[in-house]
Amino acid sequence: MPSAAEHDEQYKSTLSHTQKEKKLRPMKYTVSIEIALPREKVAQLLADPAQLPKWLRGLVLHEPLSGEHGQLGTKSRVVMQMGQRKIECTETITRREPADLREIPKTSVVHFDREIVGEGMWSAVRDRLTEAGPETTLWESENEYRFSGFLMKLVGLLMPGAFRKQSRQHMQDFKAFAEQGKDVREAKD
């Protein structure tokens, strides 16, 4: 039978191991929004590179490094302005189904997945567009983040809600753009 001190030490060791595992686990969340437009129109707007600056708040640059914008396998350089900080990353399209966004069958789910890699961060975004009604689209976005480096691990640990909030903001901005023609570049924050 272990002594009280040995028991406490064993408990601390187990707790410390559990805390380390928790810190190393990826951060995952899902956000969704309904858009009052047919799914085909929503898919086409999301895939159109000319429309990105109108709804993707903070976008400075989105340029393909290889491949064609929005197509499977394409790698793009993405630069975002977040407050006083510029963030640069590489986006790779890992899934786009269907490839042709015209005349999408009613029963099909539109998939648009990408990996995003930046300094101290890896992210996977899995977007799904489903028909919620004849003129309504449900956009669901699964997000997963993994952090490396002290600063990014600290940000991920202390501010996980900020990532979800940012994703929601992008979806709300897209909805306002798609439904009402609102351009984030003209917004007064």
Side-chain angles (χ1 to χ4, degrees), residues 24 26-31 33 35 39-102 104 108-129 137 139-156 159-160 162-178 182-187:
L24 296 176
M27 177 176 59
K28 296 180 181 182
Y29 61 87
T30 301
V31 289
I33 196 166
I35 300 162
R39 185 184 44 166
E40 192 170 297
K41 179 69 174 166
V42 171
Q44 290 169 357
L45 285 172
L46 280 170
D48 184 350
Q51 306 306 323
L52 277 173
K54 297 177 184 175
W55 65 270
L56 192 54
R57 190 179 299 260
L59 180 67
V60 175
L61 178 73
H62 193 289
E63 65 178 357
L65 299 171
S66 65
E68 187 180 327
H69 182 89
Q71 298 300 314
L72 184 62
T74 298
K75 286 188 183 297
S76 298
R77 178 175 169 234
V78 180
V79 180
M80 301 288 292
Q81 183 76 43
M82 304 286 193
Q84 299 297 315
R85 190 167 173 225
K86 270 194 182 164
I87 298 168
E88 184 169 335
C89 50
T90 303
E91 173 191 72
T92 303
I93 305 302
T94 56
R95 182 178 185 187
R96 179 178 164 168
E97 293 174 11
D100 185 354
L101 298 176
R102 295 168 292 165
I104 302 167
S108 292
V109 175
V110 175
H111 294 273
F112 190 69
D113 300 355
R114 56 206 177 279
E115 279 187 5
I116 302 163
V117 179
E119 188 176 334
M121 182 202 78
W122 171 92
S123 172
V125 180
R126 296 169 196 91
D127 289 333
R128 291 182 311 277
L129 301 176
T137 301
W139 176 10
E140 294 176 289
S141 183
E142 290 179 27
N143 298 263
E144 177 180 343
Y145 287 87
R146 294 184 187 169
F147 303 104
S148 61
F150 177 75
L151 183 60
M152 286 307 294
K153 284 182 179 180
L154 189 63
V155 168
M159 299 174 47
F163 291 84
R164 180 186 301 263
K165 183 178 176 184
Q166 184 69 41
S167 296
R168 270 202 190 106
Q169 182 67 60
H170 289 318
M171 291 177 117
Q172 290 166 348
D173 287 343
F174 178 80
K175 178 180 174 78
F177 162 70
K182 290 187 179 177
D183 189 325
V184 295
R185 298 170 297 181
E186 298 167 1

Salt bridge present between E97 and R95 (N-O < 4.0 angstrom):
yes
Salt bridge between K28 and E142, side-chain N to carboxylate O under 4.0 Å?
no
Of the non-hydrogen atoms in P53 and P49, which two are nearest, and what is the gap between them?
CD-O, 3.7 Å
Distance in Å, L65 CG paired with R77 CZ, rounded so as to fall on 0.5 Å steps
8.0 Å
NZ-OG1 distance between K41 and T137, expressed to the nearest 0.5 angstrom:
11.5 Å
So, Q44 versus D48: side-chain donor-acceptor pair below 3.5 Å or not?
no
Does any non-hydrogen side-chain atom of F112 lie less than 4.5 Å from one of V125?
no
Where do L101 and A43 come nearest, in terms of heavy atoms and distance?
CD1-O, 3.6 Å
Using the rule given for side-chain contact (heavy atoms from CB on, under 4.5 Å), can you reason through W122 versus E144, listing the C-alpha separation, both sets of side-chain angles and the distance that settles it, and then say yes or no?
CA-CA 8 Å; W122 171 92; E144 177 180 343; 3.7 Å; yes
Please determine whether the number of non-hydrogen atoms from other residues, nucleotides or ligands lying under 6.0 Å from atom CD of E119 exceeds 12.
no
Rounded to the nearest 0.5 angstrom, the CD-CG distance for E40 and L129 is 11.5 Å
To the nearest 0.5 Å, tell me how far I35 CD1 sits from F177 CZ.
11.0 Å
Can you measure from CD (Q172) to OG (S167) and round to the nearest 0.5 angstrom?
11.0 Å
If we only count heavy atoms from C-beta on, is the K175 to W139 side-chain gap below 4.5 Å?
no
Side chain to side chain, R126 and H111, heavy atoms closer than 4.5 Å:
no
Minimum heavy-atom distance D127-S141, with the two atoms named:
OD1-OG, 2.7 Å
Flag the pair L56 / H170 as yes when at least one side-chain heavy-atom distance between them is below 4.5 Å, and no otherwise.
yes
T74 side chain near H69 side chain, heavy-atom distance below 4.5 Å:
no
In short, G118 meets C89 closest at the heavy-atom pair CA-CB, 3.9 Å
For this output row, return yes or no: ring centroids of Y145 and F163 closer than 6.0 angstrom.
yes
Given the rule in the side-chain contact (heavy atoms from CB on, under 4.5 Å) test, do V31 and R164 qualify, once you have shown the distances and angles that lead to the verdict?
CA-CA 7 Å; V31 289; R164 180 186 301 263; 3.8 Å; yes
Check against side-chain contact (heavy atoms from CB on, under 4.5 Å), R39 and S108:
CA-CA 10 Å; R39 185 184 44 166; S108 292; 4.2 Å; yes
Evaluate whether atom CZ of R185 has more than 12 neighbouring non-hydrogen atoms of other residues, nucleotides or ligands under 6.0 angstrom away.
yes
Starting at CG of N143, measure out to OG1 of T30 and round the result to the nearest 0.5 Å.
7.0 Å
Side-chain contact, heavy-atom cut-off 4.5 Å: V78 with I116?
no
Partner of D173 under salt bridge (charged side-chain N to carboxylate O under 4.0 Å, His left out), chosen from K54, R57, R168, K182
R57
